[in-house]
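The structure appears right after this line, and notes come after that.
Numbering of ligands and ligand atoms starts at 1, following listing order. No hydrogens, no waters, no symmetry mates; every other heavy atom, side chains included, goes into these values. Keep in mind that what you see is a predicted model, and the values were worked out from it rather than measured.
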Amino acid sequence: MADSDHSRLSVALVDVNEGGEAEFLTLARTFASLILRKGYGRAETIRDEALPQRYYVVRHWATASAAEQCHSDTDVQAVTAKLYQIARITHVVNGARRADQLRLLMDDRRARAEADRRAGFDRRGKNQGRATGERRNGGDRRLGPRRLRDHPGEIDLIGAARRAREFADAAFSHFKVGAALEAADGTVVSGCNIENATYGLTICAERVAMFKALSEGHRAFTRIAIVADTAAPTPPCGACRQVLWEFGGNLEILLANLKEEKGKHQLKDLLPLPFDARLL
Ligand code: THU
């Protein structure tokens with residue numbers, strides 16, 4: 001199928017249950033031939049070399065409406081229903097534009113994030129704001145790099161945090177936490193808590209995610225998802241709030257457990273009256 005200007009790409013992360021691999025590969029082949037035959041697009045299944053039961057299913061939709069038709073096609077639904085029984089599926093990209101168009105979208109996001117950053121809270125700036133807490137325009141200047149809300153739902157941030165949590169090293173507390181931080185260009189960087197026998201050197205999932213992202217060159221952020229296996233939501237600890245504020249500004253914080261989302265907050269509400277570089 002030719003790649004048209006209107007084509008779209010979707011990517012799902014598939015973690016196949018123990019022993020379900022052969023069935024998964026059969027279903028993946030059935031799915032691919034079905035969507036090809038019906039003209040919805042094509043699908044490829046890529047095995048993750050590092051994690052034996054993980055696959056990436058990439059769907060190249062012919063058009064955006066072909067993707068929609070496919071989702072409501074009962075033949076396709078019959079196959080995907082079986083897939084959901086033998087695997088955990090996380091949709092990480094839902095219908096993003098392809099190739100050049102995707103790059104343009106990212107550039108556009110980055111340009112806007114950077115403009116926002118200059119206009120908002122600048123953590124490195126000297127003499128920004130007033131130490132007394134007065135506001136030049138009377139408003140709240142702690143907006144940070146404004147979040148980009150115009151492409152909601154493209155990235156399953158909570159799913160990414162749940163997967164990250166599986167790598168938590170919580171030998172002492174047995175309290176496993178996962179975090180997934182979204183950079184302004186749409187990159188998701190995840191983290192988990194890693195404990196230490198000295199206890200004090202333990203680091204939380206949120207800071208692992210933030211430091212990983214910073215060390216990979218990301219400087220503007222939009223949201224962070226935090227997941228623990230508890231009925232009550234697990235909000236970031238005080239130290240993490242400070243670090244997230246310092247580098248991410250007024251992030252959107254999504255709290256969830258293994259089953260459902262448990263709340264959404266703005267960081268400025270979780271960290272009122274912050275200490276930051278403007279006070280130095
Ligand atoms: N922890 C996090 O990773 N994030 C939070 O938001 C709260 C606490 C970790 C730190 C420690 O390894 C364990 O959870 C118990 O406090």
Side-chain angles (χ1 to χ4, degrees), residues 13 15 50-51 54 88 90 92 121 123 142-145 147-149 152 155-184 186-277:
L13 248 168
D15 290 305
L51 294 166
R54 175 167 295 174
R88 191 148 55 87
T90 310
V92 285
F121 166 62
R123 67 192 162 81
R142 306 181 306 126
L143 288 173
R147 292 178 324 287
L148 305 168
R149 293 174 167 283
I155 294 169
D156 180 5
L157 211 57
I158 291 175
R162 285 186 185 129
R163 284 195 306 282
R165 183 184 164 278
E166 288 167 17
F167 297 109
D169 189 329
F172 306 102
S173 73
H174 306 293
F175 191 80
K176 292 179 160 205
V177 185
L181 177 65
E182 182 185 59
T187 306
V188 175
V189 181
S190 64
C192 58
N193 54 328
I194 300 177
E195 299 191 346
N196 189 276
T198 63
Y199 290 29
L201 292 181
T202 290
I203 181 161
C204 295
E206 298 89 325
R207 269 174 290 157
V208 169
M210 178 56 89
F211 294 148
K212 276 174 69 184
L214 292 167
S215 71
E216 288 164 16
H218 297 287
R219 284 295 180 275
F221 304 95
T222 51
R223 303 182 292 160
I224 186 166
I226 303 163
V227 167
D229 185 12
T230 49
T234 296
C237 77
C240 287
R241 291 179 199 200
Q242 179 67 29
V243 168
L244 293 174
W245 173 259
E246 174 111 9
F247 295 104
N250 187 25
L251 289 173
E252 185 168 85
I253 315 261
L254 305 171
L255 305 178
N257 61 22
L258 302 190
K259 288 200 205 83
E260 57 194 351
E261 186 173 322
K262 300 294 288 186
K264 204 178 263 186
H265 303 269
Q266 295 301 130
L267 185 53
K268 73 178 171 66
D269 300 327
L270 301 189
L271 189 66
L273 199 63
F275 175 80
D276 60 44

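Of the possible polar contacts, none joining the S190 side chain to the A179 backbone as a donor-acceptor pair under 3.5 Å is found. A side-chain donor-acceptor contact under 3.5 Å links R241 to the backbone of L270. At least one donor-acceptor pair closer than 3.5 Å links the side chain of N257 to the backbone N or O of T230. Listed for the E195 side chain is a donor-acceptor partner under 3.5 Å among the backbone atoms of F172.
The salt bridge (charged side-chain N to carboxylate O under 4.0 Å, His left out) analysis of residues 161-175, with sequence neighbours excluded, yields the pairs R88-E166.
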Any protein N/O atoms within less than 3.5 Å of an N/O atom in ligand 1? List the atom names and distances, or say none.
unit_1	atom_1	unit_2	atom_2	d
ligand 1	3 (O)	A205	N	2.9
ligand 1	4 (N)	E206	OE1	2.9
ligand 1	4 (N)	E206	OE2	3.4
ligand 1	6 (O)	E206	OE2	2.5
ligand 1	6 (O)	P235	O	3.3
ligand 1	12 (O)	N193	ND2	2.9
ligand 1	12 (O)	E195	OE2	2.5
ligand 1	14 (O)	N193	ND2	3.4

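When the options L244, D269, L267 are evaluated for a side chain to side chain contact (heavy atoms under 4.5 Å, CB included) with N250, the one that passes is L267.
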